[in-house]
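Here the structure comes first, spelled out in structure tokens, and everything after it is commentary.
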Amino acid sequence: SGDIVTSDGTVVGHHDGIEQFTIGQRKGLRVAFGQPRYVIRIDPESHHVVIGTHEELARTELTAAGANWLTGIGETKAKREGGKAESTFRCFVKIRYRSPAVEATVERLPDGRFRVRFHQPCYGVAPGQAAVCYDGDRVLGGGWIQ
């Protein structure tokens with residue numbers, strides 16, 4: 001259990017456990033503001049559920065771990081050009097099963113990680129969820145949001 005706090009740290013409520021919340025959640029917060037509020041962050045150390053406006057939910061990038069690439073991204077082009085596989089490429093990324101794929105630039109990082117830079121802000125980026133990269137309807141690969 002812990003406190004429900006606003007993004008500026010003001011305590012506005014209490015909860016029975018952080019496992020009852022997810023990033024982007026709007027319903028069931030048991031606090032009223034007259035305007036919609038969303039879970040923008042969950043802090044397991046302090047047991048705080050941080051809520052804020054829709055604008056505060058926006059993210060322009062994420063890092064994912066445990067990358068599993070299903071295709072040789074950039075390898076075909078690299079072989080034609082006599083070089084190595086591209087470490088940065090454009091694609092579409094989904095961060096939730098029901099959310100639309102969003103245009104992004106993906107950069108492969110060491111240790112099976114990758115960074116996603118969204119071309120427009122993306123809402124509801126949640127650690128522990130999958131980030132899946134697509135080229136049209138073809139899955140390129142993915143990993144787990146950190």
Side-chain angles (χ1 to χ4, degrees), residues 1-12 15 17-29 31 33 35-146:
S1 64
D3 292 324
I4 298 174
V5 300
T6 60
S7 55
D8 67 5
T10 304
V11 176
V12 293
H15 64 82
I18 61 173
E19 66 279 353
Q20 299 174 24
F21 299 90
T22 187
I23 304 296
Q25 178 178 338
R26 180 176 153 217
K27 296 185 178 185
L29 300 179
V31 292
F33 282 91
Q35 304 179 20
R37 291 294 189 260
Y38 302 83
V39 175
I40 60 171
R41 190 172 62 251
I42 298 171
D43 185 347
E45 290 183 23
S46 67
H47 302 283
H48 285 170
V49 173
V50 183
I51 61 174
T53 63
H54 191 254
E55 292 78 29
E56 291 175 293
L57 190 59
R59 298 289 178 266
T60 57
E61 69 177 55
L62 65 83
T63 302
N68 182 17
W69 300 109
L70 304 178
T71 63
I73 299 169
E75 290 175 14
T76 303
K77 179 181 176 188
K79 286 179 184 174
R80 282 195 312 262
E81 297 173 3
K84 63 179 187 172
E86 298 174 36
S87 63
T88 302
F89 56 94
R90 291 174 64 130
C91 65
F92 287 85
V93 177
K94 284 183 75 165
I95 59 161
R96 292 179 183 265
Y97 172 72
R98 294 184 184 262
S99 69
V102 178
E103 192 171 2
T105 299
V106 173
E107 176 187 5
R108 289 189 196 190
L109 301 172
D111 302 325
R113 296 178 307 120
F114 61 95
R115 177 175 297 117
V116 175
R117 290 190 174 94
F118 298 109
H119 295 188
Q120 296 180 6
C122 194
Y123 298 86
V125 175
Q129 296 291 320
V132 181
C133 302
Y134 292 87
D135 180 11
D137 60 357
R138 185 176 76 149
V139 174
L140 302 174
W144 303 104
I145 299 171
Q146 296 183 307

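Ser1 and His47 share no donor-acceptor pair across their side chains, judged by distance under 3.5 Å alone.
Side chain of Glu56 to main chain of Ala58: no donor-acceptor pair is present (N/O by atom type, distance under 3.5 Å, no hydrogens or angles). For Asp8 (side chain) and Thr10 (main-chain N/O), a donor-acceptor pair under 3.5 Å exists by modelled atom type.
When all heavy atoms are compared, the tightest approach of Ile42 to Ile18 is CG2-CB, 3.8 Å. Contact record, Leu29 with Arg37: CD1-O, 3.4 Å, taken as the closest heavy-atom pair. When all heavy atoms of Cys133 and Val106 are compared, the closest pair comes out as SG-CG2, 4.0 Å. Considering all non-hydrogen atoms of both residues, Cys122 and Ile95 come closest at SG-CD1, 3.6 Å. Listed here is the closest heavy atom pair of Arg59 and Phe118: O-CD1, 3.7 Å. Heavy atoms only, all atoms of each residue included: Phe21 and His15 are closest at CE1-CB, 3.5 Å.
Going from atom OH of Tyr38 over to atom CD of Glu55 covers 8.5 Å, rounded to the nearest 0.5 Å. Separation of atoms OG1 (Thr6) and CD1 (Ile40) is listed at 8.5 Å; rounding is to 0.5 Å. A distance of 9.0 Å separates CZ of Phe92 from NE2 of His119, quoted to the nearest 0.5 Å. Taking CZ from Arg115 and OG from Ser87, the interatomic distance works out to 11.0 Å, rounded to the nearest 0.5 Å.
Contact check for Ile23 versus Arg96: side-chain heavy atoms found under the 4.5 Å cut-off. Within the 4.5 Å cutoff, the side chain of Thr60 has no heavy atoms near those of the Arg117 side chain. No side-chain heavy atom of Phe89 sits less than 4.5 Å from a side-chain heavy atom of Asp135. The shortest distance between side-chain heavy atoms of Thr63 and Arg113 falls below 4.5 Å. Val93 places none of its side-chain heavy atoms less than 4.5 Å from the side chain of Val102.
By the neighbour-count criterion of 12 heavy atoms within 6.0 Å, atom CZ of Arg41 is sparsely surrounded, having that number or fewer from other residues, nucleotides or ligands. Heavy atoms from other residues, nucleotides or ligands lying under 6.0 Å from CD of Gln120 number 12 at most.
Residue pairs meeting the ring-ring contact (aromatic ring centres under 6.0 Å, His included) criterion with at least one member in residues 123-146, sequence neighbours excluded: His54-Tyr123.
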